[in-house]
Q: 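Structure incoming, see below.
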Amino acid sequence: MAQKPSIPKGTRDFSPSEMAKRNYIFDTIKGVFKLFGFQQIETPAMENLSTLMGKYGEEGDKLLFKILNSGDYLSNINPVEINQSNSSKLTSKISEKGLRYDLTVPFARYVVQYQNDIVFPFKRYQIQPVWRADRPQKGRYREFYQCDVDVIGSDSLMNEVELIQIVDQVYQKLGIKVVVKINNRKILAGIAETIGEAERIVDITVAIDKLDKIGLEKVNEELLQNGIPVDAVNQLQPILQLSGNNDEKLMQIENVIANSSIGMKGISEMRYVLGILKALSLETEIELDLTLARGLNYYTGAIFEVKSKEVQIGSITGGGRYDDLTGIFGLQGVSGVGISFGADRIYDVMSQLNLFPEDATTTTQLLFVNFGEKEQLYCLPILSQLRSAGISCEMYPDADKIKKQMNYANRKGVKYVAIIGENEMNNGKVTIKNMETGEQKMVNSNGLNSLFN
RNA sequence: GUGGAUGUAGCUCAGGGGUUAGAGCAUCGGAUUGUGGUUCCGAGGGUCGUGGGUUCAAUUCCCAUCUUCCACCCCA
């Protein structure tokens, strides 16, 4: 009892049926990425801590999983230091590696490291797990997958457009109705500048990001609590209460921040992107949302977030432009833009809405009942023939009771069972049973393939 | 880091200071040795999270601790 096996907090095992569905999501996403000319890379699960530390803010450093050095990691440590219980100082001496926290920073490291081999603009995708020592809760895990697509080494806003086209296609293929929310950090900076609080942009955006979650009053409360002057908060009100379609919102905000050059830059970027998207007439609704801020502070231009229209679960995809992510690793002046699909949340949305196609989860199409040695040998060539025709089939390995074998087929979700005993062998026939309808018929063994087309 | 719940069979959960702790599902066997998913009968499976305390007696009451879950902060 007490020593029942278990897995670490916030991690999950995936059963065969869960994996089938997860792979359906990954394959769909991957397929779209490839269609747009993106190339896959992978990076190690662990990175040097020096690569990871300080990239995600103070909070992020705490959420990094750190890996103890191999060997006698205490051998070079002065016992006095251990007794000082200064854990952050001690950590740097006993741990030099950590698990990756996202895919973007390792990607930046990769780009810098291989800058001479990479053909820019570099369009890469990466689908791998990341780890965060967060406290787990609903829809939130310590190990989860990200599916990142980024274009690095191009300032063109066509990249922003392309990423939204990708979002449009992926969710169309998966059958999830979504809305893409889009904003621009430059506009947010312009707002902060206009109300005279340019340095407080982070506090301001974090607060207004919560608008649709906690409401206007609470947002104002939080702003005041964070020391934003009443005047500034008052000036913010018309911005928080913008209404109308995207064009109308842009015009209103333009009037407010007309004196901020960075803000106006953001407006023109936004107008350009929205203009092209309009011309493309995508299926997906694009909504300019000036309250969208997103936490990661390396974003400098467009920011996106995708939400399901039918399931309340937070964002299922997010991203934006970062002008200088590689700068911290010594490569200046390289701009990138990217988005990340949250596979785990997409899974939750699709299960709730029952969107997984039935054939995404079927494995064996035909199971051969095993009657004994003679029958086994008779069946093997038939199995080979089916497999070379691309039909997945298997023979039950033991000559157990039919009841047990049928039960196996049933539990495994196998749709057809082939029964070959003495009767069938003598006549070159196969009895095929449909496990869903219970219907059963005898056919010629060499005509089997045609049943599965 | 803060707050709230939780822990009894492989799983989901009931129960109760006093002989031998229950149910459903799952597993195995039988009814049925060429037919599953339905039905009926039977069997196996538990140190009641861990440590301590109160008591003649604790799985039950009390305290601590750990686990898992939920919310906040933050995030995908």
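Fair warning: this is a prediction, and the values are worked out from it, not measured in the lab. Here is the naming used below: chain letters follow the sequence lines, and residue numbers restart at 1 for every chain.
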Q: Ring centroids only, cut at 6.0 angstrom: are A/Y125 and A/F33 within range, meaning strictly under it?
A: yes

Q: As a test of reading the structure: which of B/U35, B/C74, B/A71 is closest to the side chain of A/I419, going by heavy atoms?
A: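 When the side chain of A/I419 is considered, B/U35 is the closest of B/U35, B/C74, B/A71.
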
Q: Grab the CG-P distance between A/L367 and B/U35 for me, whole Å please.
A: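 The answer, rounded to whole Å, is 16 Å.
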
Q: When you compare B/C48 with B/A64, how far apart are their P atoms, in angstrom units rounded to a whole number?
A: 22 Å

Q: Check whether any side-chain nitrogen or oxygen of A/K9 sits under 4.0 Å from OP1 or OP2 of B/U68, and answer yes or no.
A: yes

Q: Look at atom CD of A/Q40 and say whether more than 12 heavy atoms of other residues, nucleotides or ligands are closer to it than 6.0 Å.
A: yes

Q: For B/A26 versus B/U12, give the span between their C1' atoms, rounded off to a whole number of Å.
A: 11 Å

Q: Considering every strand and a 4.0 Å limit on heavy-atom distances, what is the contact class for A/E424: base, sugar-phosphate, or nothing?
A: base

Q: Would you indicate which nucleotide in B/C69, B/A26, B/A31 comes nearest to any side-chain atom of A/K403?
A: B/A31

Q: Is atom NZ of A/K177 surrounded by more than 12 heavy atoms (other residues, nucleotides or ligands) closer than 6.0 Å?
A: no

Q: Does A/F371 stack onto the base of B/G34, taking stacking as ring centres under 5.5 Å apart and planes under 30° apart?
A: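 According to the criterion (under 5.5 Å, under 30°), no, A/F371 does not stack.
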
Q: Check A/E96 with A/K66, please: is the shortest side-chain N to carboxylate O separation under 4.0 Å?
A: no

Q: For A/D134 and B/C72, give me the distance from atom CG to atom P, rounded to whole Å.
A: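 Whole-Å distance recorded here is 12 Å.
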
Q: Output the rounded distance in Å from CZ (A/R140) to P (B/C69).
A: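 My rounded result for the distance is 13 Å.
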
Q: Measure CG/A/D398 against P/B/U33 and give the value in whole Å, please.
A: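 To the nearest whole Å, that distance equals 19 Å.
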
Q: Name the pairing partner of B/A76, where a pair is Watson-Crick or G-U wobble with both distances under 3.5 Å, or state none.
A: none

Q: For the base of B/G36, is there a side-chain donor-acceptor partner from A/E436 under 3.5 Å away?
A: no

Q: Rounding to an integer number of Å, can you tell me how far A/K138 NZ sits from B/A76 P?
A: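 Result: 19 Å.
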
Q: Do NZ/NE/NH1/NH2 and the carboxylate oxygens of A/D134 and A/R142 come within less than 4.0 Å?
A: no

Q: Measuring only the P atom in each nucleotide, how far is B/G18 from B/U32? A whole number of Å is fine.
A: 46 Å

Q: Round to a whole Å and report the spacing from CD of A/Q440 to C1' of B/U35.
A: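 Distance check: A/Q440 CD to B/U35 C1' gives 7 Å.
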
Q: Reckon A/G60 touches a base, only the sugar-phosphate, or nothing at all at heavy-atom distances under 4.0 Å?
A: nothing

Q: With distance as the sole criterion, do the side chain of A/K404 and the base of B/G36 form a donor-acceptor contact below 3.5 Å?
A: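 No such pair is found, so the answer is no.
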
Q: When rounded to the nearest Å, what value does the distance between C1' atoms of B/G29 and B/G44 take?
A: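 Straight-line distance between the two C1' atoms is 10 Å.
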
Q: Is A/R200 salt-bridged to A/D203, cutoff N-O under 4.0 Å?
A: yes

Q: Taking only the P atom of each, what is the distance from B/A5 to B/C61 in whole angstrom?
A: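 These two P atoms come out 15 Å apart once rounded.
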
Q: Please state how far atom CG in A/N370 lies from atom P in B/G34, giving the value in whole angstrom units.
A: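 It is 13 Å, rounded to the nearest whole Å.
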
Q: Is B/A14 paired to anything, Watson-Crick or G-U wobble with both distances less than 3.5 Å, and if yes, which nucleotide?
A: none

Q: Measuring from the side chain of A/R135 (C-beta onward, heavy atoms only), which nucleotide among B/C75, B/G36, B/U2 has the closest atom?
A: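 It is B/U2.
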
Q: For RNA chain B, whose closest nucleotide is more 5', that of A/D344 or that of A/I402?
A: A/I402

Q: Which part of the nucleic acid, if any, lies within contact of A/Y141, taking any heavy atom under 4.0 Å across all strands shown: a base, the sugar-phosphate backbone alone, or nothing?
A: base

Q: When you check the phosphate oxygens OP1 and OP2 of B/G30, does a side-chain N or O of A/K401 lie under 4.0 Å from one of them?
A: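 For B/G30, OP1/OP2 do have a side-chain N/O of A/K401 under 4.0 Å.
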
Q: So does A/D344 pair up with A/R22, basic N to acidic O under 4.0 Å?
A: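 Salt bridge flag = yes for A/R22 with A/D344.
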
Q: Report the base-pairing partner of B/U19 (Watson-Crick or G-U wobble, both distances below 3.5 angstrom), or none.
A: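 Base-paired to nothing in any strand shown.
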
Q: Both distances below 3.5 Å, Watson-Crick or wobble geometry, any strand: find the nucleotide opposite B/G42.
A: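 Its partner is B/C28.
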
Q: Between B/G17 and B/G10, how far is it from one C1' atom to the other, in whole Å?
A: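 Each nucleotide's C1' atom is 30 Å from the other's.
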
Q: Determine which nucleotide pairs with B/U2, using a 3.5 Å limit on both distances of a Watson-Crick or G-U wobble pair.
A: B/A71

Q: Can you tell me, in whole Å, how much space there is between the C1' of B/C69 and that of B/G49?
A: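 The answer is 15 Å between these two C1' atoms.
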
Q: Between B/U65 and B/G3, how far apart are the two P atoms, rounded to whole Å?
A: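 Rounded to whole Å, the distance is 13 Å.
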
Q: Tell me the interatomic distance from A/N410, atom CG, to B/G36, atom P, rounded to whole angstroms.
A: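 After rounding, the reported distance stands at 10 Å.
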
Q: Taking 4.0 Å as the cut-off, does a side-chain nitrogen or oxygen of A/Q137 come that near to OP1 or OP2 on B/A71?
A: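 Affirmative; the distance criterion is met.
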
Q: Answer with base, sugar-phosphate or nothing: what part of the nucleic acid does A/K412 contact at a heavy-atom distance below 4.0 Å?
A: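 No contact.
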
Q: Taking only Lys NZ, Arg NE, NH1 and NH2, and the carboxylate oxygens of Asp or Glu, determine whether A/R321 and A/E160 approach each other closer than 4.0 Å.
A: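 Yes, A/R321 and A/E160 are salt-bridged.
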
Q: Under 4.0 Å between a side-chain N or O of A/R411 and OP1 or OP2 of B/U27?
A: yes

